[in-house]
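Worksheet for the structure shown next.
First the proteins, then the strands, lettered A, B, ... as listed; each starts at 1.
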Amino acid sequence: MSDHFLDELNESQRKAVEATEGAVMVIAGAGSGKTRVLTFRVAHLMSKGVDPFNILCLTFTNKAAREMKDRITNIIGNTEGKNIWMGTFHSIFAKILRVEGGRLGYSSNYTIYDTADSKNLIKSLVKEFNLDEKTYAASNVLSRISGAKANLISWQEYQKNEDIRNEDHSMRRPFIGQIYEAYQKRCFKASAMDFDDILFNMYILLRDHAEVLHKYQKIFKYILVDEYQDTNYAQYLIIKSLAARTENICVVGDDAQSIYGFRGANIQNILGYQKDYPDCRIFKLEQNYRSTSNIVNAANSVIANNKAQIHKVVWTKNEEGDRIRVVRTHTDQEEGLAVAHNIFETKMNLQLPNSDFAILYRTNAQSRAFEESLRRLNIPYRIYGGMSFYQRKEIKDLLAYFRLVINPDDEEALMRIINYPARGIGKTTLEKLVILSNDNNVSIWKLLENVSSLGSILNSGTKEKISAFLQTMKSFQAMLKKKDAYELAHHIAQTTGILRELRDDKTPEGVSRYENIEELLNAIKDFVENDEVKESPSGQEIPDEKTERTLDFFMQDIALLTDADDKKNNADTDRVSLMTVHAAKGLEFPFVHIVGLEENLFPSAMAIQTRNELEEERRLFYVALTRAKTRAMLSYSLSRYKWGNLQYCEPSRFIEEISPECVELPGAEPARTPKSMQTSWKPSFTAAKPDAPARKPVQPAGKLVKLKTAEKMTAGNSELSGLEPGTVVEHQRFGRGKVISIEGNNESLKATVNFENAGSKQLLLKFAKLTIIG
DNA sequence: GTGTGATATCTTTTT
DNA sequence: GATATCACAC
């Protein structure tokens, strides 16, 4: 295999790709071709004859893994790439634990608890311990436990550790150690692991079982880690031990984009890499190929406010581009309209697809205003993140049946559906069962199996109901390996009455729930029937044989999916993307709107107490800015509804941190009288039909932007003021054309141009880049 | 045990 | 504005 593809790389990229042996760290500035280096490096390894089975490539999301696989396939021109161990930390380790977990006492069909499962379990533990449910809020307790596990602190160590004990004491939560212990025991009894356990147990497995460690050290001759700045201590140690034999380890990351500190990511991993591998070679990718120089400079000026950094200078040869515009509105609703109108205009004037636009926000809850205004303008959009498909109630209910069929000890699944649809097994019965289960250290399922021996604890009516439930579940279990995934899934949905119950619900929500169930069943059908699908939903390989297309294979890592992984949605039509900044990491868009830039929102109110937290918020803003290729727009609102009531807001400190020559700020603050709040800008055509043709161009924030801004925009194109009907012009996209007519004035100056090849277009001169030919 | 309606509490960010 | 929990009637 030849390496001709290496010619496509710049000098530092190519060096990083060719340094295949030994420890390597690639510090890759935003937009500098990080993914390119990783994919080419893998391709290069394979062209040198390395067996793809010996390459481990860990990514941050399933989506990133899939894309990288595709790109490698494209580069090398065959399908060998499918054998690479490519996936997220969680999905690769979960897979290994299905094979090796027996050594730790887990069966191969263990369940993966998602966050909701974990919280439910903690909630019931807090109740069982008779602790106050407010001081021991499930999310707090979970994040404490999660943090411990990310740092490889077992419950035993947690309870022994004096510092931790003092911390918990001072927070008036001295019993977290006990809850942690009970939580782990309950998960184990249920044959379940949560997200953190997957890493924790992987570490224990390698630490305590030398034969396993050696096995995987031999398999993973080359290890590559993407987004290294976002790894936590557990991930760090796992990688380190796997790489200990060959030390062929290549980590790629950007300390300036570390944004997962809140979930245990340790920026020290990347800052201290050199100490771990003194002979390591470090390559810096500093040339940005993505964004205009204005965007790059703005981002640099912001991040310069952070202290802890690896020195690097991100630069670009790209053109200067527009200044970053800052838009101010009075209300969050107005912000939504302003952004939607801006997208509409830009898209119409430059004739761009919707997918060129993204709206990035700090919290999922902000999406609403943008959804509404985009819908109003008939602009298709897609929301990433938030409530994912697999987290919907009806989906989780049906999945709980599947989980219970595969792993009957799965307690969260059992509790979820033992009385859904209602079958007369209520709260009192369950409370009794939980106590029995704890006292005897057996799973609830085992109790149910021996329900006749429970004597007078339950009355005979209840026992009968339990037996009926048990029989149904056992009949499903008997089918697990006999029927394919779809047959069984459909059978379960039908016989349990879930389908009927949802079909009978004619409310819009009910209809949508029914459709969701249908969609899930269709996905399973796809999984069974489609011969091309040789992998589980997250992209992991599954065995070829048709007999293995059973429900347990479909389910094996469903808990690790986020809705960004939903294939159906990815192949979707042309849409504007809405997502949190976190979810946008690794992506790029020509036009990016960063919204809700207000103090206590971005930066978040939860993260302005300490310098570290604030620096992470700043890196988050840096990530947001550097997603933009052509134009970045910032917006903030002077007021916003926060859980029901109106709050006044201050603009984010991050806006001021942008170097002044890169931005155009809005003018002086308008008077904050109630009157001005009411008479604030309204779009002139909200009443128009969605498909009304030529709209009166509206400058969304026009009234709010400093006059200077408007002047500047027309001034920038002043050489075009001589345009008149008959003038021949050239457009960067549509080529040559003749001006038919001119209308409007100042910033809404609009020309109808008949292009030789692209036909007639209406262009706003403010945006369109026209050159006068004659 | 079930179903209904009132009410407190909630929101960072995600594998 | 949405969801989880509680009180109450059946």
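Summarising the geometry, the separation between CG on A:Leu646 and P on C:dG1 is reported as 12 Å, rounded to the nearest angstrom. Rounded to a whole Å, the CG atom of A:Leu560 is 7 Å from the C1' atom of B:dT15. Spacing between atom NZ of A:Lys134 and atom P of B:dA8 amounts to 10 Å, rounded to whole angstrom units. Here the P atom of nucleotide B:dT12 and the CD atom of A:Glu613 are 12 Å apart, to the nearest Å. In this structure, A:Asp197 places its CG atom 13 Å from C1' of B:dT15, rounding to the nearest Å. Taking atom CE of residue A:Met579 and atom P of nucleotide B:dT15, one finds them 12 Å apart after rounding to whole Å. When rounded to the nearest whole Å, the span between CG of A:Asn419 and P of B:dG3 equals 9 Å. With rounding to whole Å, A:Lys119 atom NZ is found 17 Å from B:dT9 atom P.
Applying the 4.0 Å criterion to OP1 and OP2 of B:dT15, one finds that A:Thr115 has every side-chain N and O outside that range. When the side-chain nitrogen and oxygen atoms of A:Thr429 are compared with OP1 and OP2 of B:dG1, one or more of them lie within a distance under 4.0 Å. Within the structure, every side-chain polar atom (N or O) of A:Asn364 is placed at least 4.0 Å from both OP1 and OP2 of B:dT12. Look at A:Thr580 and you'll find a side-chain N or O under 4.0 angstrom from OP1 or OP2 of B:dT14.
Remark: A:Lys149 is not positioned above the aromatic ring of A:Trp155, lacking an NZ or CZ atom under 6.0 angstrom from the ring centre and at most 45 degrees off the axis. For the pair A:Lys396 and A:Tyr390, the NZ or CZ position fails the cation-pi test of under 6.0 Å to the six-membered ring centre and within 45 degrees of the ring normal. Cation-pi geometry between A:Arg382 and A:Tyr384 is satisfied (NZ or CZ under 6.0 Å from the ring centre, within 45° of the ring normal).
DNA chain B is contacted by both A:Glu616 and A:Leu430; A:Leu430 maps to the nucleotide lying nearer its 5′ end (nearest heavy atom per residue). With DNA chain C read from its 5' end, the first of the two nearest nucleotides for A:Arg368 and A:Lys427 is the one closest to A:Arg368.
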